[in-house]
Amino acid sequence: MALVTGAAQGLGRATARRLAADGFTVAVNDIADDGRLTELAASIGGIAVPADIADPVAGPAMAAAVAKQAGPVAVLVANAAAMAMSPFLESAPDEWWRQIDVNLSGHFRIIQAVIPGMRAQGHGRIVISSGWGVIGYPNATAYAASKAGLIALTKGLGRELGPQGILTNAIAPAFIDTEQLQVDADDAGISLDEMRQRYRDEIPIGQLASADDIAGAVSFLAGPGSSAVIGQVLQPNGGVTRTRA
């Protein structure tokens with residue numbers, strides 16, 4: 001059983017489809033169901049479990065409902081994210097806390113909720129989407145801080161849970177051709193096509209990753225071939241964070 005948060009669109013949606021193709025029954029979560037979750041669940045033979053994971057009650061209750069309906073979660077993909085872009089000195093406190101509450105604290109509670117089932121199985125995979133937590137990004141400081149917290153969580157859980165057969169790793173992609181690019185373009189005051197080109201210029205291989213590209217990395221970390229990978233941050237980003245002389 002796999003649970004993917006933030007699955008209504010973009011990377012979460014592609015990941016849910018990939019894990020279903022890998023043979024998992026997949027529960028798909030997002031803050032609300034506007035029809036996309038139900039459609040996705042039906043198309044992959046999974047279940048739709050809308051809930052705001054920032055809610056201290058609703059998030060864990062959703063994870064418990066998944067286990068009750070379909071069995072213990074063996075793979076958790078912590079993908080849901082809130083993002084508000086603005087210069088740091090103009091960032092409102094409520095925007096800061098919303099991003100922390102969803103991206104970091106929300107997944108902290110979801111992870112706590114699924115660990116007992118993983119322990120009972122003697123096996124588990126937790127894959128965290130960390131995005132700008134590695135290098136940060138202008139006008140996205142709160143988002144990057146929350147994602148850096150997830151990287152630290154990844155490393156801590158890797159050490160603590162690894163001996164129990166529960167492996168935690170993170171992925172840190174850079175520029176993915178998803179709906180998020182329009183948010184970036186609006187913040188930069190340029191067109192979507194110009195945003196795509198700006199990002200291509202920053203990527204050594206000169207092309208944006210697709211959501212399916214990154215879902216493949218998640219599939220690897222969720223599968224048996226990653227048994228030696230623990231507490232790591234996989235960076236499938238076309239060389240954006242390449243080693244430099």
Side-chain angles (χ1 to χ4, degrees), residues 4-13 29-32 34 50-60 62 77-112 127-157 170-203 208-209 211 214 233-238 240-241:
V4 180
T5 66
Q9 62 183 10
L11 177 56
R13 188 176 185 86
N29 159 265
D30 216 294
I31 190 170
D34 59 5
D52 182 357
I53 67 168
D55 186 313
V57 175
M62 176 272 294
V77 181
N79 172 71
M83 184 177 189
M85 299 190 72
S86 63
F88 179 69
L89 290 180
E90 298 174 16
S91 299
D94 61 338
E95 289 182 348
W96 167 273
W97 287 114
R98 177 62 184 171
Q99 291 169 92
I100 298 297
D101 288 343
V102 174
N103 305 349
L104 183 56
S105 300
H107 283 123
F108 157 75
R109 287 186 287 265
I110 299 299
I111 292 169
Q112 279 195 325
V127 183
I128 292 172
S129 178
S130 61
W132 293 119
V134 176
I135 61 175
Y137 209 73
N139 291 359
T141 303
Y143 177 82
S146 70
K147 294 295 189 172
L150 285 173
I151 289 175
L153 183 63
T154 296
K155 294 180 178 295
L157 291 178
I171 57 165
F175 309 114
I176 312 173
D177 199 354
T178 67
E179 297 84 349
Q180 176 60 38
L181 290 190
Q182 186 62 61
V183 178
D184 298 355
D186 292 343
D187 177 70
I190 59 178
S191 71
L192 182 57
D193 284 343
E194 288 172 319
M195 192 76 253
R196 287 193 175 104
Q197 188 57 54
R198 180 178 294 185
Y199 282 159
R200 289 189 192 102
D201 291 342
E202 293 189 37
I203 304 171
L208 296 168
I214 309 306
V233 183
L234 188 63
Q235 300 179 51
N237 55 35
V240 172
T241 52

Check whether any side-chain heavy atom of [X] lies under 4.5 Å from a side-chain heavy atom of [Y], and answer yes or no.
X    : Y    : answer
N29  : V4   : no
M85  : V183 : yes
R109 : P56  : yes

Quiz prompt | Non-neighbouring partners of A92 that pass side chain to side chain contact (heavy atoms under 4.5 Å, CB included), sequence neighbours left out | solution = D94, E95
Tell me if a side-chain donor or acceptor on [X] pairs with a main-chain N or O of [Y] at a distance below 3.5 Å.
X    : Y    : value
T178 : G10  : no
N79  : G6   : yes
S130 : I171 : yes
D52  : A54  : yes
Q99  : A84  : yes

Once you round to the nearest 0.5 Å, how far does [atom1] of [X] lie from [atom2] of [Y]?
X    : Y    : atom1 : atom2 : value
M195 : I190 : CE    : CD1   : 4.5 Å
I203 : Y199 : CD1   : OH    : 9.5 Å
W132 : S146 : CH2   : OG    : 13.5 Å
H107 : I110 : NE2   : CD1   : 7.0 Å
I111 : L150 : CD1   : CG    : 7.5 Å

Looking at [X] and [Y], what are the two nearest heavy atoms and their distance?
X    : Y    : answer
I53  : A80  : CD1-CB, 3.9 Å
S191 : A185 : O-CB, 3.8 Å
L11  : S129 : CD2-OG, 4.2 Å
V240 : A174 : CG2-CB, 3.9 Å
A8   : R13  : O-NH1, 3.4 Å

Self-check item: T141 and S91: CA distance, side-chain angles, deciding distance, side chain to side chain contact (heavy atoms under 4.5 Å, CB included) verdict
Solution: CA-CA 9 Å; T141 303; S91 299; 6.0 Å; no
Quiz item: Stepwise, does the side chain to side chain contact (heavy atoms under 4.5 Å, CB included) test hold for L104 with K147?
Solution: CA-CA 7 Å; L104 183 56; K147 294 295 189 172; over 6 Å; no
Practice problem: Applying side chain to side chain contact (heavy atoms under 4.5 Å, CB included), run through L192 and L181 and close with a yes or a no. | Solution: CA-CA 7 Å; L192 182 57; L181 290 190; 3.7 Å; yes
Practice problem: Not counting sequence neighbours, list each pair that qualifies as a salt bridge (charged side-chain N to carboxylate O under 4.0 Å, His left out) and has a residue in residues 170-196. | Solution: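 Qualifying pairs: D177-R196, D193-R196.
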Quiz prompt | Test side chain to side chain contact (heavy atoms under 4.5 Å, CB included) applied to I176 and L208, I214, N237, the passing residue | solution =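 Running side chain to side chain contact (heavy atoms under 4.5 Å, CB included) over L208, I214, N237 with I176 returns exactly one hit, I214.
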Quiz item: Would you call D55-R98 a salt bridge at under 4.0 Å N-O?
Solution: no
Quiz item: Which word best sums up how the rings of F175 and Y137 line up, parallel for under 30°, tilted for 30 to 60°, or perpendicular for over 60°?
Solution: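 Rings of F175 and Y137: perpendicular, as their planes differ by over 60°.
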